[in-house]
Amino acid sequence: MAMVNEGKSNSILVSGESGAGKTETTKMLMRYLAYLGGRAATEGRTVEQQVLESNPVLEAFGNAKTVRNNNSSRFGKFVEIQFDKHGRISGAAIRTYLLERSRVCQINDPERNYHCFYLLCAAPQEEIEKYKLDHPKTFHYLNQSKCFELVGISDAHDYLATRRAMDIVGISAKEQEAIFRVVAAILHLGNIVFTKGKEVDSSVPKDEKAKFHLKTTAELLMCDAVALEDALCKRVMITPEEVIKRSLDPQSAAISRDGLAKTIYSRLFDCSDIVLHLCLHQHRLVDKINNSIGQDPTSKCLIGVLDIYGFESFKTNSFEQFCINFTNEKLQQHFNQHVFKMEQEEYTKEQIDWSYIEFVDNQDVLDLIEKKPGGIIALLDEACMFPKSTHETFSNKLYQTFKSHKRFIKPKLSRTDFTIGHYAGEVQYQSDQFLDKNKDYVVAEHQELLGASKCQFVAGLFPPPPEETSKSSKFSSIGSRFKLQLQQLMETLNSTEPHYIRCVKPNNLLKPAIFENVNIMQQLRCGGVLEAIRISCAGYPTRRAFFEFINRFGLLAPEALEGNYDEKVACKRIMDKKGLKGFQIGKTKVFLRAGQMAELDARRSEVLNNAAKIIQRRVLTHVTRKRFISLRKAVIVMQALCRGDSFSSDNQARWRCHRAAFYYKRLKRGAIVSQTRWRGKVARKELRKLKMEARETGALKEAKNKLEKQVEELTWRLQLEKRMRTDIEEAKVHETTKFQTSLEELQKKLEEANASIAKEREVAKQAIEEAPPVVKETQVLVEDTEKIDSLNVEIDNLKVSIEPQGKDSTIVHIYL
C-alpha cells in the first residue's frame with residue numbers, strides 16, 4: 001500500500017554466500033508478490049504465472065551443482081515486477097548478469113555442468129533417439145566429474161517440469177525443440193576429438209566415433225559437416241595480397257571447439273549483447289521470456305528482486321570469481337551508502353551534535369578494480385588488445401602499478417597470482433586464464449558457418465554484425481561490459497527504496513538443525529550486519545518528525561501543549577519530563593538512542609492504561625449507582641405496602657389475580673406451542689401425501705409419453721412400409737412393361753426373320769427351277785435355319801429371365 005500511495009519503487013536485495021538460500025528466498029518473495037499483486041485469469045496465462053514459471057526455466061539453463069550448493073546460480077538475476085495504479089501486476093522484465101561460460105567445457109569433481117544437459121539425457125526415449133543421446137558419462141563435457149545425479153532429485157521429472165514451465169512462459173513447442181536441439185549439439189560437439197593430420201600442424205577427427213559426433217552436430221545445427229570440420233580445424237587469414245587458409249594443430253582445434261561451444265551456449269542464454277548493439281535478440285532464452293511476459297510502459301512503480309552470486313573464495317579463483325567478488329563489493333558499497341553514509345549525512349543535515357562514526361568503507365577496493373584509467377579491469381583490457389601479451393606480462397603490470405596499494409598484495413610463492421583484500425577477506429586470484437576469459441569475440445569462420453544455418457533459430461543466434469563492428473577490432477571486453485551492467489544496476493537500485501535480506505548458511509554439511517557459530521559470525525561480519533548493528537547502537541536509530549512525535553507522545557506531558565507552543569520546545573519538554581537523556585533535537589526531527597522509543601512507548605501504554613482504568617471506574621460507578629437507585633425505589637414501595645394493610649382482602653385478591661394471570665399465561669403459551677406442533681405434524685403428513693401423489697402422477701405422465709412415442713413410431717413405420725410397398729409395385733409394373741415391350745420387339749424381329757426366310761426360299765426355289773440341272777451344294781438354307789434357331793434360344797432365355805423377376809415381385813408383395 002505504501003508503494004501505491006506514495007508512488008515510490010522498491011527493491012529487495014538478497015545476498016549471502018553460495019548455498020545460503022538466496023535462490024529459494026527469491027522464489028518465495030516472487031510467490032508472495034505474485035499473490036499480493038495477482039489478478040483473475042483473463043486470457044490464457046497471467047503475468048504473475050509467467051513470472052513464477054520463469055524461475056525453473058532459468059534454473060535449468062543457468063544453475064549447476066557446485067561444491068557448496070546443489071543448485072547454485074551461475075548467473076546474476078534482477079527481476080523487475082511492474083505494478084499499475086491499483087497495485088496489480090501489469091508487467092515484468094528479467095535481467096541477467098555474467099553467465100559462467102567456462103563451466104560449459106570444464107567442470108571439477110564433484111561438481112556438475114548446467115542442469116539442462118542432464119535433464120535432456122533423462123528425457124523420454126523418443127527424445128533421446130531423436131537427438132542421438134546416451135548416459136551423461138558418455139559425453140566429454142559431463143564426464144569430467146563423476147557426479148551425474150543429485151540425491152532426491154529426478155532429472156526425468158525436472159525435464160517434464162521444465163517443458164511445462166516453458167509452455168506457461170510462452171515458448172512455443174517449435175522453439176523448445178530448437179533450444180534442446182542446440183543443447184544436444186553442444187554435447188556432441190564436445191565429443192569431437194582431433195588428431196594430427198597428414199600435413200604439418202594440421203588436425204582431423206580422430207576416429208569414426210569423432211566423425212559420428214561431427215556429423216550429428218552438423219545435423220542438429222543444420223549446417224554442412226565438411227564446413228563445420230573446416231571451421232574447427234582451419235583459420236582464414238586475409239592479407240592485402242591473398243587469402244590464406246591455415247590449418248590448426250589438434251590442441252588449437254580443441255580450443256576452437258570449446259570456444260564455439262561456450263559461444264553457442266552463452267548466446268542461447270544471455271539477454272543482451274551490448275557490444276554488438278544487435279536488435280535481433282528474439283532467439284535468446286531470457287529475451288523470449290521477457291517478450292512473452294511483456295512490460296508495462298505506463299507503470300509508475302515497480303518492485304525489483306535481486307538474486308546474484310555471493311562472495312566466493314576457493315582454492316583456485318579465476319576471472320569468474322574476480323567478477324563475482326567485484327559485484328559483491330558494489331552491493332556492499334550500496335549497503336554502506338544507504339545504512340551508514342546516508343545515516344550520517346542526515347545527522348549533518350539536521351545539525352545535531354554527534355561524533356563521526358568510523359566504518360569500513362570499500363571505496364578504495366572499487367577504485368582498485370574499476371578506476372579508469374589505472375584499474376585492474378582497464379589494465380586487463382589493455383593487455384588483451386596487444387597480441388603478444390601474456391598473463392605473466394599482465395601480472396607484472398599489476399605488480400608495478402599497485403605495489404603501494406594497501407588492498408593489493410603480491411604473493412611470495414607465485415609470479416602470476418595476485419591477492420585483493422576484499423571487505424569479506426583476502427582472495428588470491430590465478431591470472432593464467434584472465435586474458436582468454438576476458439576476450440569475447442566470435443571466430444569469423446564460426447560466425448559465417450552458423451549464420452548460414454538452415455535452422456532459423458540457430459541462424460538467429462549468429463546474426464551478421466554491423467559494418468562498423470566488422471571493420472573494427474573483433475575484441476570485446478567481458479570485464480568492461482560487466483562493469484557497465486553493474487553501473488546500470490546500481491542506477492536502478494539507487495532510484496528505488498532498498499530493502500536488504502541477508503541469507504546465512506548454518507553449516508557446510510548441507511544438513512538441517514546444525515549451526516556452526518564461528519561460520520555464522522563470519523558471514524554476519526562479511527555481510528556488514530555486525531557493523532550495521534554497531535553503527536545503529538552508536539548513533540540514533542530512531543527518528544520522528546516533530547508533528548509525529550507530538551501526535552503520539554503528547555499525552556505524556558499535556559501541559560507542554562497548552563496554548564500556542566513551538567513544536568521543537570514541546571518535544572524537548574516531553575523528553576525532559578520523562579527523564580530521558582542522550583537524545584538530540586534536530587531542525588525537523590527528534591533523534592532517539594537505541595531503546596528510548598521502546599521506553600516512551602511503555603510510558604505511553606502506561607498512561608493509556610491508567611486512563612482506561614479511570615474511564616472503566618467511572619462507568620462502573622454510574623451503572624452501579626443507577627441500579628442502586630432503582631432498587632431503593634422498589635424497596636420503598638414494598639415498605640409502604642407492608643406498612644399499610646398487608647393482610648387486607650384487596651392485597652390477597654391482587655395476589656390471587658396475579659397468580660391466576662401468571663398460570664393462565666403459562667397455560668396459554670403451552671396451548672399455543674402444542675397447537676403449533678400439531679398443525680406442523682398434520683401439514684408434514686399432508687405434504688408427504690401430496691409428494692406421493694405428485695410422484696405417481698409423474699410416473700403416469702412418463703408412461704403416457706412413452707406410449708405416445710411408441711404409437712408415433714409405429715405410425716411412422718406403417719407409413720414407411722406403405723411407401724415401400726407402393727414403390728415396389730410401381731417398380732414391378734415398370735419392369736413388367738419393359739419386359740413385355742422387349743418381348744414384342746423380339747417377336748416382331750422373329751416374324752420379320754421368318755418372312756425374309758420364306759422370301760429367300762421362294763427366290764431360291766425359283767432360281768433352282770430356272771437354273772440348269774447342275775448339282776451344286778449351297779449353305780443358304782442351313783444358315784437361315786441356324787439364325788432361326790439362335791433367335792428361338794434367345795426368346796427362351798428372355799422368358800426364363802422374366803419368370804424369376806415375377807417370382808421375386810410376388811415374394812416381396814407377400815412379405816409386405
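Along the sequence shown, the residues carry numbers beginning at 1.
In terms of heavy atoms, Ala165 sits closest to Val57 at CB-CG2, 3.8 Å. The two residues Gly421 and Val365 make their nearest non-hydrogen contact at O-CG2, 3.6 Å. Scanning all heavy atoms of the two residues, the minimum distance from Arg407 to Leu368 falls at CB-CD2, 4.1 Å. Scanning all heavy atoms of the two residues, the minimum distance from Leu33 to Ile89 falls at O-CD1, 3.8 Å. The minimum heavy-atom distance between Ser313 and Arg68, with the atom names listed, is O-NH2, 3.3 Å. The heavy-atom pair separating Lys483 from Glu370 by the smallest distance is NZ-O, 3.2 Å.
Under the side chain to side chain contact (heavy atoms under 4.5 Å, CB included) test applied with Glu80, the options Thr492, Thr496, Val305 reduce to a single match, Thr492.
Ring geometry for Tyr429 against Phe322 counts as perpendicular: the plane angle is over 60°, on a 0 to 90° scale with 30° as the lower cut.
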Worksheet item: For Glu350 and Arg543, what are the C-alpha separation, side-chain angles and deciding distance, and is it a salt bridge (charged side-chain N to carboxylate O under 4.0 Å, His left out)?
Response: CA-CA 11 Å; Glu350 290 290 328; Arg543 73 283 318 265; over 6 Å; no
Discussion item. Under the criterion salt bridge (charged side-chain N to carboxylate O under 4.0 Å, His left out), I'd like the reasoning laid out for Glu346 against Lys589: C-alpha separation, chi angles, the key distance, then a yes or no.
Written reply: CA-CA 10 Å; Glu346 186 170 5; Lys589 297 179 181 179; 2.6 Å; yes
Worksheet item: Can you check side-chain hydrogen bond (donor to acceptor under 3.5 Å, both in side chains) on Asn519 and Asn507, steps first, answer last?
Response: CA-CA 7 Å; Asn519 187 20; Asn507 60 78; over 6 Å; no
Worksheet entry | Leu592 vs Met575, side chain to side chain contact (heavy atoms under 4.5 Å, CB included): CA-CA, chis, key distance, verdict | CA-CA 10 Å; Leu592 303 176; Met575 304 291 286; 3.2 Å; yes
Item to complete: Report the C-alpha separation of Glu24 and Met28 in whole Å, then their side-chain angles, then the decisive distance to 0.1 Å, and conclude whether the side chain to side chain contact (heavy atoms under 4.5 Å, CB included) test is met.
Response: CA-CA 6 Å; Glu24 295 301 320; Met28 290 194 299; 5.6 Å; no
Practice prompt. Go through Val607 and Arg604 one step at a time and tell me if the side chain to side chain contact (heavy atoms under 4.5 Å, CB included) criterion holds.
Written response: CA-CA 5 Å; Val607 172; Arg604 180 175 178 271; 5.8 Å; no
Fill in: Thr327 vs Leu489, side chain to side chain contact (heavy atoms under 4.5 Å, CB included): CA-CA, chis, key distance, verdict
CA-CA 10 Å; Thr327 304; Leu489 175 63; 5.8 Å; no
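The side-chain hydrogen bond (donor to acceptor under 3.5 Å, both in side chains) check on Glu567 picks up nothing, with sequence neighbours excluded.
Residues Pro506 and Ile514 are not in side-chain contact: their nearest non-hydrogen atoms beyond the backbone lie 4.5 Å or more apart. Counting heavy atoms from C-beta outward, Glu312 and Glu320 have side chains that stay 4.5 Å or more apart. Side-chain contact between Val427 and Thr419 is absent, with no heavy atoms from C-beta onward closer than 4.5 Å. A heavy-atom distance below 4.5 Å is not found between the side chains of Arg618 and His622. Lys22 is not listed as a side-chain neighbour of Ser73, based on a closest heavy-atom distance of 4.5 Å or more. In this structure the side chain of Phe402 never reaches within 4.5 angstrom of the side chain of Phe418, judged on heavy atoms. Contact of the Tyr32 side chain with the Leu36 side chain is registered, since non-hydrogen atoms from C-beta on lie closer than 4.5 Å. Residues Glu491 and Gln487 are in side-chain contact: their nearest non-hydrogen atoms beyond the backbone lie under 4.5 Å apart.
Put simply, CZ on Phe482 and CG on Leu98 are 5.0 Å apart, with the number rounded to the nearest 0.5 Å. The distance from the CD1 atom of Ile12 to the OH atom of Tyr500 is 12.5 Å, given to the nearest 0.5 Å. Taking CD from Glu516 and CD from Gln522, the interatomic distance works out to 12.5 Å, rounded to the nearest 0.5 Å. Annotation: the span from Thr96 atom OG1 to Asp307 atom CG amounts to 12.0 Å, rounded to 0.5 Å. Lys572 contributes atom NZ, which lies 11.5 Å from atom CG of Leu580 (distance to the nearest 0.5 angstrom). A distance of 10.5 Å separates CD of Glu17 from CG of Asn328, quoted to the nearest 0.5 Å.
Counting non-hydrogen atoms of neighbouring residues, nucleotides and ligands closer than 6.0 angstrom, the NZ atom of Lys577 exceeds 12 such neighbours. The number of heavy-atom neighbours closer than 6.0 Å to NZ of Lys27, taken from other residues, nucleotides and ligands shown, is above 12.
Remark: side-chain polar atoms of Glu426 are not paired, donor with acceptor, to backbone N or O of Ile420 under 3.5 angstrom. Looking only at distances, a side-chain donor or acceptor of Asn317 sits under 3.5 Å from a matching main-chain atom of Phe314. The backbone N or O of Ile303 lies less than 3.5 Å from no partner atom in the side chain of Asn10, so there is not a single donor-acceptor pair. No side-chain donor-acceptor contact under 3.5 Å links Asp84 to the backbone of Ser90. One N or O on the side chain of Gln596 and one on the backbone of Arg593 form a donor-acceptor pair closer than 3.5 Å. A donor-acceptor pair under 3.5 Å is formed between the side chain of Gln321 and the backbone N or O of Ser318.
With no hydrogens or angles considered, a side-chain donor-acceptor pair links Ser72 and Arg74 at under 3.5 Å. A donor-acceptor contact closer than 3.5 angstrom links the side chains of Asp367 and Gln363. For His405 and Asp364, the side-chain atoms include no donor-acceptor pair closer than 3.5 Å.
Residue pairs meeting the ring-ring contact (aromatic ring centres under 6.0 Å, His included) criterion with at least one member in residues 520-563, sequence neighbours excluded, are Tyr347-Tyr540, Phe549-Phe553.
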